[in-house]
Number of protein chains: 2
Amino acid sequence: MNELKFCYKYPHPAVTADCVIFGFDGVSIKILLIQRGIEPYKGKWAFPGGFMKIDETAEECAKRELEEETGLKNASVEQFYTFSDINRDPRERVISIAHYALVRLSEVKGGDDAASAKWYAMNDIPSLAFDHDRILRMAMNRLKERICFEPIGFDLLPEIFTMTELQNLYEAILEVKFDRRNFYNKMLKLGILTETEPRPANAPRRMPSKYRFNAEKYSELKQKGFRLEF
Amino acid sequence: MNELKFCYKYPHPAVTADCVIFGFDGVSIKILLIQRGIEPYKGKWAFPGGFMKIDETAEECAKRELEEETGLKNASVEQFYTFSDINRDPRERVISIAHYALVRLSEVKGGDDAASAKWYAMNDIPSLAFDHDRILRMAMNRLKERICFEPIGFDLLPEIFTMTELQNLYEAILEVKFDRRNFYNKMLKLGILTETEPRPANAPRRMPSKYRFNAEKYSELKQKGFRLEF
DNA sequence: ATTTTTTGCGCAAAAATCACGCAAACAATT
DNA sequence: AATTGTTTGCGTGATTTTTGCGCAAAAAAT
């Protein structure tokens with residue numbers, strides 16, 4: 001047992017892929033964490049992730065581990081940084097290729113595989129294993145940068161949403177406040193939203209218009225060389 | 001000899017750090033390449049870089065290899081992507097943590113260690129080893145993104161430069177043309193440039209004003225939460 | 001000697017941004 | 001039932017920013 005049968009002329013680090021999964025409940029940004037069942041850091045919370053197999057890419061590894069540990073399938077993960085500090089892991093030298101993904105809370109069915117997977121609000125994150133607090137800070141910064149220039153926010157909302165929900169999301173991520181009317185106009189002027197229905201003329205005013213993200217329009221506009229610049 | 005003395009329970013990939021080094025000669029963006037002296041890809045051009053030691057971080061490795069192979073010291077390298085395709089390297093599974101840096105051409109003394117290091121203009125890049133053409137494309141994209149929001153361009157120019165030189169740099173990187181007067185005004189209005197001398201009133205007009213990047217002003221402004229948005 | 005290029009200064013039209021007002025519909029409270 | 005506060009859509013005027021171009025002097029090129 002415990003044979004050491006993979007041998008090299010020079011020392012090799014182990015490589016893991018970890019996933020910072022963002023969600024949004026209408027009020028605050030949430031993070032999907034799993035509780036570690038084994039040492040080291042047993043009982044502590046950490047990002048889904050694990051060791052990369054020798055015949056998979058980092059992205060494939062991230063997706064596989066994510067599904068194994070949380071039941072979340074087909075998330076569109078994106079690499080954002082590789083952490084290579086010497087003593088990240090007490091067991092051996094481990095470098096971690098960190099990814100992030102934005103998912104709809106509704107798509108993550110609790111239970112099943114993910115007995116110990118749990119959503120935490122950004123302002124209520126427990127103590128994390130390894131250097132995962134540093135990874136989280138970096139992921140959050142990347143999210144803030146990214147959402148200003150790519151319409152990734154829509155991945156966090158239901159398919160159909162109101163302008164106020166969209167504004168709440170932007171305000172939660174960027175930690176700022178926008179004027180409601182200006183946000184409304186700015187968003188519509190971008191031309192990447194479609195009103196779900198022309199809204200009946202006699203509808204009560206209080207019932208807000210609903211929109212969906214128009215991916216075709218966006219890729220059109222992008223090709224013509226326009227930038228979001230939020 | 002050739003003992004395989006580092007053994008693990010599971011297979012481990014090898015890890016390298018590679019460096020895409022950008023320069024600017026006043027007209028076009030240049031890349032520093034080295035010619036490979038050994039197989040695989042012997043004779044082909046590649047980025048400086050090499051295998052990570054077990055007691056150094058990726059960034060340390062990138063800097064060390066850069067100095068060893070090109071003589072370039074103390075470059076401020078920044079990681080931008082980790083390449084993990086299965087068959088990147090015919091020898092064994094190798095993942096590469098790619099970095100980039102911006103340096104002044106004048107700071108790279110040819111010769112010495114770097115017998116086979118050479119600058120190539122962006123539009124005249126030879127066939128590259130491994131997947132380095134893909135790495136180059138990605139680095140260039142990252143540079144384009146980055147220079148719009150961080151004043152990194154100044155690392156490519158001499159300490160003291162004219163507005164026209166700065167404009168040429170931006171145009172070379174972003175592959176666009178700016179109106180000279182608008183560029184001039186926009187840059188000055190940012191408040192991150194210092195005129196080297198108040199410019200004598202009777203100076204000939206044709207002699208352009210010279211500027212330097214004011215790092216203090218920039219970090220001041222940045223703290224107050226302003227963005228470049230070029 | 002003539003033409004072309006480069007630099008600095010600056011303005012006016014067009015566009016974008018910003019800070020609000022207002023009324024109707026609804027919910028919660030008294 | 002009346003009052004109060006909230007949410008939604010529509011709009012508007014003031015300010016700021018962007019953009020496109022003119023001009024003259026000095027230097028370089030022809």
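We name chains A, B, ... by the order of the sequence lines, and we start the count at 1 in each one.
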Exercise. With a 4.5 Å heavy-atom cut-off, do B:Phe154 and B:Tyr218 have their side chains touching?
Worked result: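 A side-chain contact is absent here, since even the closest heavy-atom pair is not under 4.5 Å.
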Atom [atom1] of [X] to atom [atom2] of [N]: distance rounded to whole Å?
{"X": "B:Leu193", "N": "C:dG8", "atom1": "CG", "atom2": "P", "value": "13 Å"}
{"X": "B:Arg181", "N": "D:dA24", "atom1": "CZ", "atom2": "P", "value": "14 Å"}
{"X": "B:Tyr184", "N": "C:dT6", "atom1": "OH", "atom2": "C1'", "value": "13 Å"}
{"X": "B:Arg180", "N": "C:dT7", "atom1": "CZ", "atom2": "C1'", "value": "6 Å"}
{"X": "A:Asn182", "N": "D:dG13", "atom1": "CG", "atom2": "C1'", "value": "13 Å"}
{"X": "A:Lys186", "N": "C:dC18", "atom1": "NZ", "atom2": "C1'", "value": "10 Å"}
{"X": "A:Leu188", "N": "C:dA16", "atom1": "CG", "atom2": "P", "value": "15 Å"}
{"X": "B:Glu229", "N": "D:dT18", "atom1": "CD", "atom2": "C1'", "value": "14 Å"}

Exercise. Looking at C:dG10, does its base get a donor-acceptor pair with the side chain of B:Asn185 below 3.5 Å?
Worked result: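 It does not, because no donor-acceptor pair links the side chain of B:Asn185 to the base of C:dG10 below 3.5 Å.
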Problem set entry | Whichever of B:Lys189 and B:Asp179 has its nearest DNA chain D nucleotide further upstream toward 5' |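 It is B:Lys189 whose nearest nucleotide is closer to the 5' end.
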Problem set entry | Heavy-atom closest contact (A:Glu145 atom, B:Arg146 atom, distance) |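 So the two residues come closest at OE1-NH1, 4.0 Å.
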For this session: Determine the minimum heavy-atom distance between A:Gly43 and A:Gln35, stating which atoms define it.
Result: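 Nearest pair, atom of A:Gly43 first, then A:Gln35: O-NE2, 2.9 Å.
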Problem set entry | Those residues of residues 162-177 of chain A lying under 4.0 Å from DNA chain D by at least one heavy atom |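 DNA chain D contact set from residues 162-177 of chain A: A:Thr164.
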Problem set entry | A:Glu150: which of A:Lys222, A:Arg142, A:Lys144 passes salt bridge (Lys or Arg N to Asp or Glu O under 4.0 Å) |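 Filter result, single survivor: A:Lys222.
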For this session: Calculate, to the nearest 0.5 Å, the distance between atoms OG1 and CH2 belonging to A:Thr70 and A:Trp119 respectively.
Result: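 The CH2 atom of A:Trp119 is 8.0 Å from OG1 of A:Thr70, to the nearest 0.5 Å.
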Problem set entry | Ionic contact status for A:Glu67 with A:Lys63, cut-off 4.0 Å |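 Result for this pair is no, no salt bridge flagged.
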